[in-house]
Amino acid sequence: MALDSLHKLYVEQLQDLYSAENQILAALPKMATKAKHAELRSGFELHQRQTQEQVRRLEQIFQRLGEKPGGVTCEGMKGLLKEGEKTMKEKADSDVLDAALIADAQRVEHYEIAGYGCVRTYARMLGYQQDIDLLQQTLDEEGQTDKKLTALAEQVVNVDAAFASGSDREVNRGGASRSTGTSRTTSGADAPSGI
Ligand code: FE
Ligand code: FE
């Protein structure tokens, strides 16, 4: 399909997101199984249900547009989930593995936020009011998920246990302000807000 209009770019980007969401749907149950902390596990399970709804929203948009959702593979998501697969095979402390799962999941969320931010804006430019509402709902869910992951990252890792056997203990702990409870996130992800 030649990209000779914003409408065509919009459809192509939606197809890419449809592929991404379906790949995520397939990956989330395994991530939930691997998560040690109950809150992280239930977070993944909740996001699985949200993702099913997000897929349905995209299908609704494709139906309205009279376009087919399939036939495209989102290579970016494929790569991100491949990294997640690698993480899950890692021999790791279970707290640290949770932190690694969060890091992988946040990359996925940020990728989705970028994609949905674009299509939501295109829908606005094209005047597709119903689509804007549907895409904004999904965008909000992705943003909330990302923020929740950032908060969880600070809770899940028992820092003392995690660093106890690390050879770089001094380096990692130096200057950390755990005792004052200031914002030192395990994932290092300061989520952008207001997207
Ligand atoms: Fe999603
Ligand atoms: Fe998501």
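Predicted model only: the values in this text are computed from it and were never measured. In listed order, ligands and their atoms are each counted from 1.
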Do you see an N/O/S atom of E109, backbone or side chain, under 2.8 Å from the Fe ion (ligand 1)? no

Quick check: does Q54 have an N/O/S atom under 2.8 Å of the Fe ion (ligand 1)? yes

With side chain to side chain donor-acceptor pair (under 3.5 Å) as the test, pick out the partner of E142 among Q50, H47, H110. H47

Distance alone, cut at 3.5 Å: any donor-acceptor contact between the side chains of E141 and Y116? no

Does K78, at its NZ atom, have more than 12 non-hydrogen atoms belonging to other residues, nucleotides or ligands within less than 6.0 Å? no

So, 2.8 Å as the limit: is an N/O/S atom of E142 located closer than that to the Fe ion (ligand 1)? yes

For K30 and E85, run salt bridge (charged side-chain N to carboxylate O under 4.0 Å, His left out): C-alpha distance rounded to whole Å, both residues' side-chain angles, the deciding distance at 0.1 Å, then the answer. CA-CA 9 Å; K30 197 168 174 193; E85 281 287 329; 3.3 Å; yes

Under a 3.5 Å distance rule, please check whether Q106 uses its side chain to pair with a backbone N or O of L149 as donor and acceptor. no

Per residue E112, nearest N, O or S atom to the Fe ion (ligand 2) is named OE1

Kindly give the atom name of the N, O or S atom of H47 closest to the Fe ion (ligand 2). NE2

